[in-house]
Amino acid sequence: MIGFFSGGFLYNPKTNSVLLHKRDGNTTINPHKWAFFGGLGEGEETPVQAFMREMHEELGLELSVEEVIRLCDYPNLERGTHRYSFYVISEKSKDEMVLGEGADFDWIPVEKALLLDATDKTIADLKLLLETYDRHI
């Protein structure tokens, strides 16, 4: 393993929606697919710190460690990294955030998100959210 990926999304339980990221064509990894916000860990960052940094870089969000909920983690053999997935309970409107990179982002009902042209890992992790949400809070 060469490091770790740390990513995730915002979740609004009132609307059962997730805030996902539409990747642009400027990337070689999953271009034009819907995915989590995130990226590789840097320096001595913990996975939670990397997730918080990525959410700030990609959406302008300032998160606290207490807000971040671990969804899962597992080896990503295709990329030679370890994948950490997190989420944050939020009711923020799209207008309160600024996209720092990528083509778009949006609040999407979870059932519809599962039907998007999304990465396999995004779909698998969202299914896990549906199966385990009540145990995570």
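Just so it is clear, the model here is predicted, and its values are computed rather than measured.
Panel note: side chain Ser90, backbone Val88; no donor-acceptor pair is recorded below 3.5 Å. The backbone N or O of Phe105 lies less than 3.5 Å from a partner atom in the side chain of Lys94, making a donor-acceptor pair. In this structure, the side chain of Asp24 engages the main chain of Asn26 through a donor-acceptor pair within 3.5 Å. Arg23 places a side-chain N or O within 3.5 Å of a backbone atom of Ile29 that can act as its donor or acceptor partner. The backbone N or O of Glu91 lies less than 3.5 Å from no partner atom in the side chain of Trp107, so there is not a single donor-acceptor pair.
For the atom pair NE2 of His21 and CH2 of Trp34, the computed distance is 9.0 Å after rounding to the nearest 0.5 Å. Distance check, rounded to the nearest 0.5 Å: OH of Tyr87 to CG of Leu129 gives 5.5 Å. We find the CG-CD1 distance between Leu116 and Ile108 to be 4.5 Å, quoted to the nearest 0.5 Å. Atom CG in Asp106 sits 9.0 Å away from atom CG in Leu20 (nearest 0.5 Å). Note: Leu71 CG to Leu126 CG = 8.0 Å, rounded to the nearest 0.5 Å. Leu59 contributes atom CG, which lies 4.0 Å from atom CZ of Phe37 (distance to the nearest 0.5 angstrom).
Between Thr28 and Pro31 the shortest heavy-atom distance is O-CD, 3.9 Å. Taking every heavy atom of both residues into account, Tyr11 and Pro13 meet most closely at O-CD, 3.4 Å. Leu114 and Lys127 make their closest contact through CD2-CG, 3.8 Å (heavy atoms, listed as atom of the first residue, atom of the second, distance). Across all their heavy atoms, Gly41 and Ala50 have their closest contact at CA-CB, 4.0 Å. Between Glu67 and Glu62, the shortest heavy-atom distance links the atoms OE1-O, 4.2 Å.
Note: the hydrophobic cluster containing Val48 does not contain Ile89 (ILVMFWY, side chain heavy atoms under 4.5 Å, direct or indirect links). Note on Met97 and Val68: same hydrophobic cluster, where clusters join Ile, Leu, Val, Met, Phe, Trp and Tyr whose side-chain heavy atoms are under 4.5 Å apart, directly or indirectly. Grouping the Ile, Leu, Val, Met, Phe, Trp and Tyr side chains by contacts below 4.5 angstrom, directly or via other members, places Leu99 apart from Phe9. In the hydrophobic clustering of ILVMFWY residues, with side-chain heavy atoms under 4.5 Å counting as a link, Tyr84 and Met52 come out together. Following chains of ILVMFWY side-chain contacts shorter than 4.5 Å, one can reach Ile123 starting from Val110, so the two form part of one hydrophobic cluster.
Just one residue in the list Lys33, Lys112, Lys22 forms a salt bridge (charged side-chain N to carboxylate O under 4.0 Å, His left out) with Asp117, and that residue is Lys33.
For the residue pair Asn30/Thr119, the side-chain donor-acceptor check at 3.5 Å is not satisfied.
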Requested in this report: Apply the test side-chain contact (heavy atoms from CB on, under 4.5 Å) to residues Lys92 and Leu19: give CA-CA distance (whole Å), side-chain angles for both, the deciding distance (0.1 Å), then the verdict.
Outcome: CA-CA 10 Å; Lys92 283 191 178 287; Leu19 189 80; over 6 Å; no
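Screening residues 40-59 for ring-ring contact (aromatic ring centres under 6.0 Å, His included), with sequence neighbours left out, gives Phe51-Phe86.
Under the salt bridge (charged side-chain N to carboxylate O under 4.0 Å, His left out) criterion, Glu45 pairs with Arg53, sequence neighbours left out.
The shortest side-chain heavy-atom distance between Lys121 and Tyr74 falls under the 4.5 Å cut-off.
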